[in-house]
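Shown next, in structure tokens, is the structure this report addresses.
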Amino acid sequence: MSRMRMRLVVLQVAVLSMLAVLGVRLWQVQVVRGKEFVTAATETRTRTVMVPAVRGQILDSSGRPLVRNKTALVVSVDRQQLQRMPDGGTEVLTKLAQVLGKPVNQLQKRIRSCGPGVTRPCWPGSPYQPIPIDNRVQTREALQILERQEEFPGVTAEVQAVREYPQGKAAAQLLGYLQPVTQEELDKRDGLKAGFSGVDLVGRDGLEYVYDEALRGKPGLRQVQVDRLGKVLGVEQQVPPTSGDTLITSIDARVQSVVEKALAEAMKSAPKADGAAGVVLDPRTGRVIAMASAPGYDPTIWTGGISEPEYQRLLSDKSGKPLVSRAINGQFAPGSTFKVSSVSAMLAAGYPLHGTYDCPGSYMVGDRPFNNFHGIGLGSMSLHTALVKSCDTIFYKTAYQQWLKDGGLHPKRPPKEVFANMARSFGFGKPTGIDLPGESSGRIPDRTWKKEMWQQTSAENCKRSRTGYPEVKSASRAAFLKRLAYENCVEGFLLRPGDAANFSIGQGDVLVTPLQLARAYAALVSDGKLRSPRVAWARVRPDGTLVQRIDPPVVGKLPISPKDRAYIKDALSQVPSDGTAAGAFSGFPMDKVRIGGKTGTAQVWGKEDTSWFASFAPTNNPRFVVVVMVSQGGMGAQTAAPAARKIYEGIFGINRPPLVTDGKPVSRLPLIAPDGTVAR
């Protein structure tokens with residue numbers, strides 16, 4: 001009996017102890033840490049969701065869409081949540097692959113992080129954001145995921161905006177593309193993390209990059225109540241997103257299409273052509289009406305992720321590096337199109353505007369003869385005729401004379417360098433400042449540049465002057481390279497007389513971009529002001545409210561008088577009818593629209609010549625400047641000039657309806673109605 005009583009006492013003590021412990025614990029939870037657990041419980045029930053904004057569209061000068069949005073069902077995966085699962089999310093991905101009809105290893109590749117040694121497809125964005133793995137999902141597939149959410153934890157299917165390109169491949173390099181934001185960008189770019197919805201993409205090139213913040217808009221906020229399984233019970237707070245601005249450009253989609261087609265046909269006509277570019281500017285405003293680069297590519301290739309073979313193709317030399325815009329990144333010797341700068345330099349140096357100049361078949365520059373085209377002498381002529389007939393020896397002689405005046409191999413301090421300084425005044429040797437990323441600066445090879453290059457290359461040249469070029473199969477070529485290396489080793493810092501002569505006709509080491517040349521001609525044939533070109537014209541809200549007008553700024557002025565500019569312009573006005581481009585414009589109705597311009601044929605060692613044509617129209621009141629460049633296209637009159645003719649035929653409606661009204665670029669912004677549609 002006593003034993004039984006003892007057991008009951010022990011049991012009572014144990015029960016009382018447990019109750020005491022439970023009471024103390026309840027007191028701690030409810031009193032001591034009550035506020036902490038209330039807050040935690042509230043956070044557990046509340047989820048804050050960032051609602052992405054609709055990205056703004058990009059329109060042409062008349063309101064035609066260049067880039068717009070279309071809605072699509074997108075399936076995304078939270079990789080962080082999958083990795084916390086015992087099997088790393090393999091079971092979930094396997095089920096998802098069955099629903100989407102894709103191999104599971106393909107999904108696994110798409111959600112791994114890009115990095116060294118990781119080939120595409122992979123995820124280049126932040127590891128903490130949902131990873132889209134399919135943007136072409138059907139409604140039936142999305143419902144299977146949403147209705148069986150317990151089988152697909154970490155997987156979402158929702159409607160998102162996807163970029164669409166109504167003009168196809170046109171202006172792909174100019175427009176740019178979108179890619180996921182990286183964690184590095186979130187950490188470094190001010191304001192990006194605060195306004196990032198978790199599924200936003202950012203511009204990686206072109207207008208999408210430059211105007212990314214305005215196009216992206218601001219995400220909204222939605223706070224929802226959920227149960228322990230994540231099912232939404234209700235909405236506590238909701239702030240709608242602010243759509244991105246609409247970007248109106250000065251691009252005319254119709255002219256852009258004609259330029260793209262003309263470049264494609266020009267490359268086909270030149271068997272060895274490996275690239276081309278075309279630029280159309282409004283010389284009065286500096287706005288870009290069209291800008292194309294060939295070869296191009298289809299920008300939809302970025303939508304939904306890009307495969308490794310596709311990505312490598314965009315970067316490869318074999319495919320012509322279609323990601324690169326030759327209009328702003330390509331640097332080429334300009335040939336005789338550069339002579340507008342050289343004539344201006346001659347006038348600045350005191351050579352008479354209405355003087356008479358001899359054009360022999362050859363001219364001795366130092367101890368070396370420099371020949372005219374085919375060594376043909378053209379007799380005495382004016383500067384007007386020198387531009388029309390493209391005499392080289394006149395420019396060789398004057399450039400050599402100025403080189404001697406500067407002291408030759410022992411230059412005066414400071415040398416005047418009339419030709420180089422005039423070229424800089426025309427905007428060559430530095431970026432134009434266009435509202436596109438990655439623009440090249442070109443090159444003006446003056447005495448300072450020669451010294452800098454010698455400092456960078458003298459060690460290699462001195463080494464090669466001793467070892468030669470045993471890897472070069474041609475003995476004569478190897479001997480030439482060894483001799484050249486010796487000369488550059490010993491005196492590569494000197495500007496030689498041949499350097500000055502070549503510079504005057506746009507050969508040698510001088511390099512320009514097609515956009516730089518177009519900008520220079522625009523200043524020459526308009527008001528003499530050098531403008532920084534702009535593609536964007538205005539930003540407007542989706543309801544049509546004007547946010548910002550984007551005007552090309554004036555950044556310089558040509559240092560030649562209006563009289564001199566008119567003289568040069570008048571000479572160029574005869575080139576397509578009576579000069580080097582007469583064959584290319586044979587039969588063109590000059591009485592309807594008179595074209596002015598200059599051909600250029602730039603020699604490139606080991607390749608075919610670079611073909612150029614820089615032009616303007618109408619000559620009496622220029623409203624368009626057109627520059628065409630075809631790499632390895634041959635003579636300027638052979639490839640580039642015919643392409644420019646096709647562009648003008650489209651613009652002014654030669655044997656077809658005109659692309660522009662009254663022969664002028666669009667001068668008024670399109671009206672955006674309150675509902676977001678284009679009113680005109």
Side-chain angles (χ1 to χ4, degrees), residues 49-59 66-72 74 76-79 110-115 118 120-133 135 158 160-165 171-221 241-247 249 297-306 310-311 314-315 323 325 434-439 535-536 539 542 547-548 550:
V49 180
M50 298 287 281
V51 182
V54 176
R55 193 173 180 88
Q57 58 183 338
I58 303 176
L59 307 179
L66 300 174
V67 184
R68 65 188 177 193
N69 300 307
K70 67 176 181 179
T71 57
V74 179
S76 302
V77 170
D78 184 340
R79 188 178 65 187
R110 295 191 76 88
I111 67 173
R112 59 183 180 166
S113 294
C114 294
V118 179
R120 295 173 184 263
C122 57
W123 176 243
S126 169
Y128 302 106
Q129 70 182 90
I131 302 174
I133 59 172
N135 65 343
E158 56 188 357
Q160 295 181 16
V162 177
R163 281 313 220 189
E164 184 179 37
Y165 304 87
Q173 298 98 335
L174 182 151
L175 296 171
Y177 58 93
L178 303 178
Q179 283 284 273
V181 62
T182 65
Q183 188 62 39
E184 184 179 5
E185 286 175 314
L186 287 174
D187 295 337
K188 289 185 177 181
R189 288 176 61 176
D190 294 337
L192 182 59
K193 193 168 187 176
F196 177 64
S197 71
V199 296
D200 286 315
L201 302 176
V202 293
R204 285 283 182 254
D205 197 10
L207 296 174
E208 293 275 26
Y209 172 81
V210 175
Y211 297 98
D212 177 67
E213 185 175 354
L215 288 167
R216 192 169 64 247
K218 296 180 180 179
L221 179 71
T242 303
S243 299
D245 293 342
T246 294
L247 187 68
T249 71
Y297 73 95
D298 185 352
T300 59
I301 198 172
W302 298 101
T303 305
I306 186 172
E310 290 172 328
Y311 184 67
L314 294 180
L315 300 175
L323 275 184
S325 171
I434 189 173
D435 52 344
L436 292 173
E439 184 186 10
V535 179
R539 286 169 44 209
V547 177
Q548 178 191 14
I550 304 167

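- Here the closest heavy-atom approach between residue Gly176 and residue Tyr165 is recorded as O-OH, 4.1 Å.
- Put simply, the side chain of Ile111 reaches to within 4.5 Å of the side chain of Ile133, judged on heavy atoms.
- Residues passing the salt bridge (charged side-chain N to carboxylate O under 4.0 Å, His left out) test with Glu164 are Arg68, sequence neighbours excluded.
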Please assess Leu66 against Gln57 for the test side chain to side chain contact (heavy atoms under 4.5 Å, CB included), listing each intermediate value before the final yes or no. CA-CA 8 Å; Leu66 300 174; Gln57 58 183 338; over 6 Å; no

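- By the side-chain contact (heavy atoms from CB on, under 4.5 Å) test, Asn69 pairs with Val54, Arg55, Ala161, Arg163, sequence neighbours left out.
- With sequence neighbours left out, the side-chain hydrogen bond (donor to acceptor under 3.5 Å, both in side chains) criterion links Gln179 to no other residue.
- Pro132 and Ser76 make their closest contact through CA-OG, 3.6 Å (heavy atoms, listed as atom of the first residue, atom of the second, distance).
- With hydrogens and angles disregarded, a donor-acceptor distance shorter than 3.5 Å links the side chain of Asp212 to the backbone of Gly203.
- Across all non-hydrogen atoms, the minimal contact from Ala53 to Pro241 is CA-CB, 3.9 Å.
- For the side-chain contact (heavy atoms from CB on, under 4.5 Å) test, residues two or more places apart in sequence or in another chain that qualify with Ser113 are Arg79.
- Ring geometry for Tyr311 versus Trp302: interplanar angle over 60°, hence perpendicular rather than tilted (30 to 60°).
- Applying the side-chain contact (heavy atoms from CB on, under 4.5 Å) criterion to Ala536, with sequence neighbours excluded, gives Tyr211, Leu247, Asp435, Ile550.
- Within the 4.5 Å cutoff, side-chain heavy atoms of Leu174 are placed close to those of Val535.
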Quick one: do Leu323 and Tyr297 satisfy side chain to side chain contact (heavy atoms under 4.5 Å, CB included)? Show the steps, please. CA-CA 7 Å; Leu323 275 184; Tyr297 73 95; 3.7 Å; yes

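- You'll find the side chain of Val202 stays beyond 4.5 Å of the side chain of Leu178, heavy atoms only.
- Residues forming a side-chain contact (heavy atoms from CB on, under 4.5 Å) with Pro542 (at least two apart in sequence, or on another chain): Ser243.
- Nearest heavy-atom pair, Ala72 versus Val162, reported as atom, atom and distance to 0.1 Å: CB-CG2, 3.7 Å.
- A donor-acceptor contact shorter than 3.5 Å is absent between the side chain of Thr242 and the backbone of Lys218.
- Taking both residues in full, the closest heavy atoms of Tyr209 and Arg204 are given as CB-C, 3.9 Å, listed atom of the first, atom of the second, then distance.
- Side-chain atoms of Asp205 and Pro437, non-hydrogen and from C-beta on, do get closer than 4.5 Å to each other.
- Between Asp245 and Leu215, the closest heavy-atom pair is O-CD2, 3.5 Å.
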